[in-house]
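To start, I am sharing the structure in question, which I have written as structure tokens.
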Protein chains: 2
Amino acid sequence: MQTLHVELGDRRYPIFIGSHLKPQELLEPYIKGQQVMLVTNTTVQALYLQHYVESIEKLGKKVATCILPDGEKYKTIEYLNLIFDALLENGFNRDATVLALGGGVIGDMAGFASACFQRGVYFIQVPTTLLSQVDSSVGGKTGINHPLGKNMIGAFQQPQVVLADMAQLRTLPPRELSAGLAEVIKYALLGDAEFLLWLEQHMEALLAQDATLLAEAVYRSCAHKARIVANDEKEQGERALLNLGHTFGHAIESYLGYGEWLHGEAVATGMVMAADLSQRMGWISLADLARTKKIIQRAKLPIVCPQIPLDEFLAYMSHDKKVLNGQLRLVLMKQLGQAIITKDFDVELMKQAILANQA
Amino acid sequence: MQTLHVELGDRRYPIFIGSHLKPQELLEPYIKGQQVMLVTNTTVQALYLQHYVESIEKLGKKVATCILPDGEKYKTIEYLNLIFDALLENGFNRDATVLALGGGVIGDMAGFASACFQRGVYFIQVPTTLLSQVDSSVGGKTGINHPLGKNMIGAFQQPQVVLADMAQLRTLPPRELSAGLAEVIKYALLGDAEFLLWLEQHMEALLAQDATLLAEAVYRSCAHKARIVANDEKEQGERALLNLGHTFGHAIESYLGYGEWLHGEAVATGMVMAADLSQRMGWISLADLARTKKIIQRAKLPIVCPQIPLDEFLAYMSHDKKVLNGQLRLVLMKQLGQAIITKDFDVELMKQAILANQA
């Protein structure tokens, strides 16, 4: 087992990364109070819920559960309210801990609920997908979607501890494993050319669920994110780099309707568009663009999206949270392995980059 | 005009207190970005909205409005969502400012919406009731109700600035003025015996809307709260004193259904129960209890509540946010003008204090 700390002063917290982790001993020091609400979805419930319920009950805690339907389309204010219902129906108070057992949707919803319930209770993350292990469980961004935009409503809520168990990835559908790899590739593209080489060496083994290599990929990804988040928790600057591919990706997800494409798939094609625009701006070479597409394809991710009318694509992009004073900013690549956030790009070239990567 | 600062480090903010304040000049330095969403209710809309829309438009800002129905019963997640709808339908981003123009309900909802929208945008308070001027506009507590409890879902969100205009109280129904005075009396009872004497001298003039005396009462109340909040923003300790009368009061409000009694009315009777229990515990004298009831009555507030079955009353009290590890804590009076938070009270005497103050 490896341990990584996210350095956030008095909200510093550990991420435990390994296989067949023991929740009872690992979680014990981090559960404040006597009440634990396990939030999960119907899919994860069948696989892992009982193990966590029993482990935490052995610690002498009162355990209750809230089971949500599985899918991004339920990441709404209505389903968020079911978590509040469960907390109050079980008589939970300010000393409650909300534990998210599931992927990014469950983590975002349970985390946001923990931020708002009684104006803030404790939060623990047990991410069960690769995507949530390398992305959404680090850094404290939580929230829900709105019909007019993704993650429009939320809070910064840091967990007490994160457990990332590679053994839980065995049950993950291949498509979701690939979606997680999209975010792993993102860290390489935005800030670590050496990690990109490593991924190029090990992509097939990662897809085949080599647990040691997966743990290494998760550790390196989380270390990247943790360093950036420690520098810039509230996304005043550097943290926005983590959105490489996301502004394009959000537009794809919004147009298709949440849940059609997985978040990681949309980000994958979004990264291709960002690389394509970076190439058109003259910052990266055609070879770099080809290398970007290649690693994304090898992870079994889409490099083109369905045809989307340009005006609609642009309208969805304009809802992005990085829009400042009406000015769209994008994360682009100054070179392979070095991203920047900038408003200084050519809008016509951006349109070309979008249209060039549609099926 | 008087100015009071709430000292919260880099979130320090001013409260301007006076009559016929000029929003255009006072707000200008505090509106970041170009978008301002005015949130108000149908009652306040008719009286003051146009003036604020025009004042802020003169600053060259894009102004949009969100008008909610008037009343505590609309302080729900469904109506909160209308604010998010308005923000997104108007294309507002992370540089938006949400301005609450109204009483405590509007302040709580607009403040909570500003805390969650895009994970946090700017917030300005223009409280138009005495209660919101002396209580809810200071200290950053925002939130909404749940069918199982009041203010169960929310966030700490400090405003950029607060404008408390006594001229706006002229249109306040007498019953709401009295409800505001309940919170004013609270500050005297919990921490300022001298202020209690001042209130005993001036109660009739305050009810008659003497603007100078009202401004003085608001200033002294806000100064009390600001000092406590600066010491203990997240209510780890001292801030809980501000809940004098509130645990009993919330039970009354919950039982009657939000909106039957005004919050200040429930707090008034709650303070009588807290004083009654303090007297039964031997901490304050019968004369102190009589003096407490007298000042509350002179403010035209209820000192008894309707008959509520004891088991239901206690069940509502057990949902209180001050419950810690299953243990109810109450704010009681060690002496008149000096409150404490304690779990060391006699439960039987508490039941007597509840029953003794029902009609």
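Residue numbering restarts at 1 for every chain, and letters A, B, ... go by the order of the sequence lines.
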Next item on the list: Mind checking the CG-CD spacing from Asn151(B) to Gln118(A)? Nearest 0.5 Å is all I need.
Entry: 10.0 Å

Checklist line | Exceeds 12 heavy-atom contacts within 6.0 angstrom, atom OH of Tyr122(A) | finding: no

Margin query: Before you tell me yes or no, could you show the steps for Phe84(B) and Leu148(A) under side chain to side chain contact (heavy atoms under 4.5 Å, CB included), namely the whole-Å CA-CA distance, both residues' side-chain angles and the distance that decides it to 0.1 Å?
Written below: CA-CA 10 Å; Phe84(B) 297 133; Leu148(A) 290 178; over 6 Å; no

Next item on the list: Could you verify whether a donor N or O on one side chain and an acceptor N or O on the other, from Asp85(B) and His146(A), lie under 3.5 Å apart?
Entry: yes

Checklist line | chain B contact via Phe112(A) - which portion, at a heavy-atom distance below 4.5 Å | finding: side chain

Next item on the list: Kindly compute the distance separating CZ (Arg94(A)) from CE (Met152(B)), expressed to the nearest 0.5 Å.
Entry: 9.0 Å

Check: For chain A, which of Thr142(B), Leu88(B), Leu87(B) has the most heavy-atom pairs under 4.5 Å?
Finding: Leu88(B)

Notebook entry, point to check: Pick one: which of Ile144(A), Ile153(A), Ile77(A) meets side chain to side chain contact (heavy atoms under 4.5 Å, CB included) with Cys116(B)?
Noted result: Ile153(A)

